[in-house]
Amino acid sequence: MLGRLTWAAIPFDQPLPLYAMGVVLLVILAVLAIVTVRGWWPYLWREWLTSVDHKRIGVMYVALGLVMLLRGYSDAIMMRSQQAIAVGSAQGYLPPDHYDQIFSAHGTIMIFLVAMPLVIGLMNFAVPLQLGVRDVAFPVMNSISFWLTAAGALLINVSLVIGNFARTGWMAYPPLSELAFSPDVGVDYYLWSLQISGVGTLMTGINFVTTILKLRCPGMTYMRMPVFCWTALAASMLIVAAFPVLTATFAMLLLDRYLGMHFFTNDAGGNQMMYVNLFWAWGHPEVYILILPCFGVFSEVAATFSGKGLFSYRSMVWATLGICVLSFMVWLHHFFTMGAGANVNAFFGIMSAIIAVPTGAKVFNWLFTLFRGRIVFRTPVLFLIGFMVTFVIGGLTGVLLAVPPVDFVLHNSTFLVAHFHNVIIGGVVFGALAGYNYWFPKAFGFTLHDGWGKASFWCWLIGFYLAFMPLYVLGLMGMTRRLEHIPDASWQPLLLVAEVGALVIFLGILCQIIQLYASIRTRAARRDLTGDPWNGRTLEWSTPSPPPAYNFAVLPRVETIDAFAEIKRRGVAAAPEPAYEPIEMPRNSPTGFILSFFAVVLGFAAIWHIWWIVILCALAMAVTVMAFGWSDFRHHEISPGEIARLERARLAGLPS
């Protein structure tokens, strides 16, 4: 009845997982108790859990990313502490088996469940507003996308309590991930959680490609779109092209493990290197899926806080599209050391250097945007400046690693670990935090505390350099990756510096939590009554903060780039109230939440080979989809009278 699931799956003999499980359960129970006692369930169900409003879904994506950041960081600090103390005869506090699970979970969570939700959340919130439209093309599918991503996150966290996680690294290379070498459920947790969340991400890509190409407001031509919309379009096209590759690759590995097939078993006619090729054919575009929207965030921040238009808008657009194409031509630089041959390595080395050109052009565009601008040094601008310095260093080390002979020496060292984090933290995390601070007042109607925001930035910046610059040096000294025990005592001083850096980053996370708490406590004094706290340039700042469900009472008509800045420059004479028309909006739908529930149960049952539950959940998901598909009550209409009432109330609250 329960397949492979027994009481032995719960790690009663391992104190660390049990303590972690206890803390997580206490937090969950406390949250549930507060929600129940205060009677918030109807509000949560109506306004959040079943919402198909792109703004609410964007907020939930960002919240999921920030919560999983805490989980991913806890894995990082445990690894860093283990390496700092497990030197020479000292063995540290993490056994090798547990350490391997932690570094596998850290990479998996940070890429798929921190970085992806953060950038997709910002896209969800801002893109329809910047395009001057009322929602995404497929609102219910948008909700399903989020809830499937959340389902994957929950399934990974279940592995902390029941069973174990993969010990293969976040890439799960065969043959280590095949059944012969990983017979337990760790790799199955990895595969099923990422398959479920990956389907949600693919649906997001389809949704945003359709939205950006088909739903722009009148006059919003391609070359009038904000740069953030261009980067969201490029990232979404990469998702549509790349994620099916990952889904198919994981499906083949699942078939290897469950049905004894041999797609990646060399001895049985398969090809282990094919997995590596397929994984990185997805994996390098994935880097740009993450970083391109952050480039868009920095473009918006640079233009807004320098009080001028973005320098050379067209070159930014073409650089974005160039990166989009070139990102599929560099995947082999992730395994120069695996014997592809000198000619192949040379081609991919050259392409890896070429892709740095459009990225470098963007850096100059941001610099020239800031040049002679009236810069207002708010928290998003600090993240922009810190990003430019940090990301350039990461890019230069990446070009160095693009040279195959250099990569042969450094590939398996901590130099590569430092480079990768240099790009991801300096680019994606800084970009997501800049966007979080930038659009927060638009989402919630009040600004964040700037002092705590700046404190968080400095902790992140200083902590990053302390944590990862020593790893460049250690890599050049010969320290390899994935070490649970450090054999060379001469490495310990630099590892201790890296440990201090990780602790400083924790202070940055703590400052963010305090920033949010202090901002909520003083929100009455931080109210954004104008909808435009930063003197913004794009259409989202023309709406109230927070925007109404329909975004725009009357769809704007765009005549130039930076449409809202142009409207403010010209000035708008007092006009009579427009004749509002009825607005059709999608109804709330529990479809995504229900599918997410069954997806978690299905994934868990498949991991433990409880096939009767798998069949029941698959049937339940099919029934849920059909029930939504046959429903005639998908939309509701907002009357002109209701729109007029809401707009008059908004205008009455504006400062004179």
Side-chain angles (χ1 to χ4, degrees), residues 41-61 63-64 116-117 120-121 123-125 127-128 133-155 192-215 236 239-240 243-244 247 548-551 582-606 613-638:
W41 284 115
Y43 168 78
L44 288 175
W45 180 257
R46 182 181 66 253
E47 298 294 335
W48 294 95
L49 301 183
T50 62
S51 176
V52 297
D53 185 340
H54 72 94
K55 301 178 290 295
R56 296 290 174 94
I57 292 170
V59 169
M60 289 192 290
Y61 262 117
L64 173 66
M116 287 297 292
I120 290 176
M123 287 162 51
N124 253 287
F125 181 81
V127 166
V133 297
R134 295 198 167 101
D135 211 321
V136 294
F138 310 113
V140 175
M141 190 165 81
N142 199 24
S143 170
I144 295 171
S145 299
F146 166 74
W147 285 110
L148 289 180
T149 302
L154 178 59
L155 205 53
W192 281 107
S193 60
L194 296 188
Q195 286 289 61
I196 292 169
S197 63
V199 170
T201 302
L202 178 58
M203 293 167 71
T204 294
I206 295 169
N207 210 342
F208 275 91
V209 169
T210 308
T211 299
I212 296 170
L213 294 183
K214 303 298 290 184
L215 291 187
S236 299
I239 287 172
V240 172
F243 264 82
T247 301
Y550 49 79
N551 290 348
I583 297 175
E584 189 177 76
M585 295 298 295
R587 290 182 182 275
N588 284 3
S589 173
T591 305
F593 187 82
I594 295 170
L595 287 176
S596 166
F597 171 80
F598 286 120
V600 171
V601 179
L602 183 148
F604 182 82
I613 294 182
V614 171
I615 294 169
L616 289 177
C617 287
L619 291 173
M621 293 174 76
V623 169
T624 302
V625 172
M626 287 188 290
F628 169 74
W630 287 334
S631 171
D632 292 328
F633 301 99
R634 301 188 197 175
H635 299 88
H636 68 99
E637 189 176 271
I638 304 175

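Inter-residue side-chain proximity for P244 and L202 is flagged as met; some heavy-atom pair is nearer than 4.5 Å. Side-chain contact between L155 and I196 is present, with at least one heavy-atom pair separated by less than 4.5 Å. Residues W192 and L602 have side chains in contact (heavy-atom distance under 4.5 Å, counting atoms from C-beta outward). Side chains of L49 and P590 form no contact here, defined as non-hydrogen atoms less than 4.5 Å apart. The closest side-chain heavy-atom distance from M203 to I144 is below 4.5 Å. The shortest side-chain heavy-atom distance between V199 and F243 does not fall under the 4.5 Å cut-off. Contact check for M141 versus T204: no side-chain heavy atoms found under the 4.5 Å cut-off.
Considering only residues two or more places apart in sequence or on other chains, L213 meets the side chain to side chain contact (heavy atoms under 4.5 Å, CB included) condition with V209, Y222, L233. In this structure N551 satisfies the side-chain hydrogen bond (donor to acceptor under 3.5 Å, both in side chains) test together with H54, K55, sequence neighbours excluded. Residues passing the side chain to side chain contact (heavy atoms under 4.5 Å, CB included) test with A605 are I610, I613, V614, sequence neighbours excluded. F208 pairs by the ring-ring contact (aromatic ring centres under 6.0 Å, His included) definition with nothing, not counting sequence neighbours. When the side chain to side chain contact (heavy atoms under 4.5 Å, CB included) test is applied to E584, the partners found at least two apart in sequence or on another chain are H635. By the side chain to side chain contact (heavy atoms under 4.5 Å, CB included) test, P582 pairs with E637, P640, sequence neighbours left out. Residues satisfying the ring-ring contact (aromatic ring centres under 6.0 Å, His included) test with W41, not counting sequence neighbours, are none. Residues meeting the ring-ring contact (aromatic ring centres under 6.0 Å, His included) test with F138, sequence neighbours left out: none.
A distance-only check finds no donor-acceptor pair linking the side chain of S51 to the backbone of R56 [under 3.5 Å]. In this structure, Y61 contributes its side chain and F146 its backbone to a donor-acceptor pair below 3.5 Å. Put simply, the side chain of S197 gets close to the backbone of S193: a donor and an acceptor are under 3.5 Å apart. Between the S145 side chain and the G200 main chain, a donor and an acceptor come within less than 3.5 Å of each other.
Summarising the geometry of V240 relative to I206, their closest heavy-atom pair is CG2-N, 3.7 Å, with the distance given to 0.1 Å. Contact between T149 and P117 at its shortest, heavy atoms only, is CG2-CG, 4.2 Å. In this structure, V136 and P128 approach most closely via the heavy-atom pair CG1-CG, 3.8 Å.
With rounding to the nearest 0.5 Å, the separation of CG in L148 from OG1 in T201 is 9.0 Å. A distance of 9.0 Å separates CE of M60 from CG of N124, quoted to the nearest 0.5 Å. Here CG of N207 is found 9.0 Å from CD1 of I57. Values are rounded to the nearest 0.5 Å. Remark: I239 CD1 to I120 CD1 distance equals 5.0 Å, nearest 0.5 Å.
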Would you be so kind as to tabulate the donor-acceptor pairs closer than 3.5 Å made by side chains of residues 591-601, with sequence neighbours excluded?
from : atom 1 : to   : atom 2 : distance (Å)
T591 : OG1    : S589 : OG     : 2.7
S596 : OG     : W147 : O      : 3.1

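Taking the ring centre of F628 as origin, the terminal cationic atom of R634 falls inside the region bounded by 6.0 Å and 45° from the ring axis.
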